[in-house]
Amino acid sequence: MRLNQNILLLGKKVVLVPYTSEHVPRYHEWMKSEELQCLTASEPLTLEQEYAMQHRWREDADKCTFIVLDAVKWQAEAGTSEESCMVGDVNLFLTDLGDPSLGEIEVMIAEPSYRGRGLGTEAVLMMMSYGVTKLGLTKFEAKIGQGNEPSIRMFQKLHFEQVAVNSVFQEVTLRLTMSEPERQWLLEQTSHMEEKPYRDGCSEPR
């Protein structure tokens with residue numbers, strides 16, 4: 001999605017930056033993991049295919065992707081590469097042609113040492129806030145493998161409710177409709193979030 005290619009979102013624990021070609025090698029290494037392939041229902045790609053997918057996702061109007069960086073590490077020292085700060089990604093898919101107000105959200109904290117520390121939660125909240133305020137979304141869905149209990153619990157803590165179980169794909173669907181109280185709660189949870197200008201591999205000001 002071109003809409004988010006020139007901005008970054010700064011939180012307390014994470015920084016969300018657009019997915020660029022600079023990030024592809026590290027992302028490609030992540031996706032060699034059978035565990036991550038299973039959790040994300042992904043097939044392994046070659047590096048060339050990964051670059052092509054990054055370019056396609058950047059152009060597609062129905063996909064909004066941010067790479068998740070460790071905010072503390074990213075801010076600690078000027079000149080720190082984004083690749084060295086990468087911990088995962090967060091995505092919104094606007095693929096329901098009959099309902100443009102619905103976004104499917106997913107998050108991956110690929111680095112095991114960063115799991116269970118609240119980075120995924122903040123990344124999801126920040127992405128939802130962006131979806132509500134910039135993309136006009138009022139409903140969110142998350143499709144999660146039945147065995148991924150930590151992710152299911154995380155979304156439930158964010159007020160998502162289970163609405164379906166697909167035994168064929170072994171996944172559950174959770175949904176959140178943004179009533180006015182839910183919207184206000186979300187904006188309060190992300191009131192610290194700052195939007196800053198970004199260009200490939202370089203954010204200003206840091």
Side-chain angles (χ1 to χ4, degrees), residues 1-33 35-37 39-40 42 45 47 50-51 53-60 63-93 103 105-135 140 142 150-151 154-155 158 186 189-206:
M1 179 177 284
R2 285 189 167 274
L3 183 64
N4 74 318
Q5 70 178 357
N6 295 315
I7 65 160
L8 70 80
L9 303 177
L10 176 61
K12 294 177 180 176
K13 296 182 177 181
V14 302
V15 183
L16 306 186
V17 299
Y19 183 30
T20 72
S21 58
E22 175 194 351
H23 306 123
V24 171
R26 180 80 174 272
Y27 191 90
H28 179 64
E29 288 300 313
W30 286 342
M31 298 314 296
K32 290 179 180 178
S33 161
E35 178 198 16
L36 290 179
Q37 290 172 23
L39 289 174
T40 60
S42 302
L45 301 177
L47 183 60
E50 209 77 75
Y51 274 110
M53 178 172 284
Q54 179 272 326
H55 178 75
R56 190 164 62 250
W57 280 33
R58 183 166 181 147
E59 299 299 318
D60 286 352
K63 298 179 182 69
C64 182
T65 298
F66 285 100
I67 292 293
V68 181
L69 308 181
D70 172 1
V72 175
K73 185 175 181 180
W74 179 79
Q75 290 178 301
E77 184 177 341
T80 303
S81 73
E82 289 180 6
E83 186 177 15
S84 69
C85 301
M86 290 171 60
V87 299
D89 72 340
V90 62
N91 306 287
L92 271 175
F93 302 107
I105 190 164
E106 65 177 32
V107 64
M108 173 182 75
I109 300 300
E111 295 291 336
S113 64
Y114 282 90
R115 296 175 190 164
R117 294 167 50 182
L119 280 77
T121 297
E122 186 179 45
V124 168
L125 285 167
M126 289 167 61
M127 182 62 118
M128 288 170 57
S129 179
Y130 183 79
V132 166
T133 59
K134 303 296 184 181
L135 304 178
F140 295 94
S151 188
M154 182 195 74
F155 277 98
L158 299 180
L186 175 63
Q189 294 298 308
T190 55
S191 60
H192 63 282
M193 184 176 78
E194 297 179 63
E195 181 178 318
K196 294 178 177 290
Y198 178 91
R199 66 176 187 271
D200 287 7
C202 181
S203 52
E204 297 176 348
R206 198 173 181 91

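Hydrogens, waters and symmetry mates are skipped; everything else that's a heavy atom, side chains included, is used.
Taking the six-membered ring for Trp and thresholds of 30 and 60 degrees, Y130 and F66 have ring planes more than 60 degrees apart, a perpendicular arrangement.
Under a 4.0 Å N-O distance rule, the pair K32/E29 qualifies as a salt bridge.
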Side chain to side chain contact (heavy atoms under 4.5 Å, CB included) between E59 and R56, intermediate numbers included: CA-CA 5 Å; E59 299 299 318; R56 190 164 62 250; 5.9 Å; no

K73 vs D70, test: salt bridge (Lys or Arg N to Asp or Glu O under 4.0 Å). Steps then yes/no. CA-CA 6 Å; K73 185 175 181 180; D70 172 1; over 6 Å; no

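Screening residues 7-20 for salt bridge (Lys or Arg N to Asp or Glu O under 4.0 Å) gives no qualifying pairs among residues at least two apart or on separate chains.
Between L158 and Q189 there is no side-chain heavy-atom pair separated by less than 4.5 Å. Contact annotation: the side chain of Q75 approaches that of L10 to within less than 4.5 Å [non-hydrogen atoms, C-beta and beyond]. With contacts defined as side-chain heavy-atom distances shorter than 4.5 Å, the pair L135/M1 qualifies.
Summarising the geometry of M86 relative to Y27, their closest heavy-atom pair is CE-N, 4.0 Å, with the distance given to 0.1 Å. Across Y198 and I7, no two heavy atoms sit closer than the pair CB-C, 3.6 Å.
The side-chain contact (heavy atoms from CB on, under 4.5 Å) test applied to P150 returns N148, R153, not counting sequence neighbours.
A side-chain donor-acceptor contact under 3.5 Å links H192 and E122.
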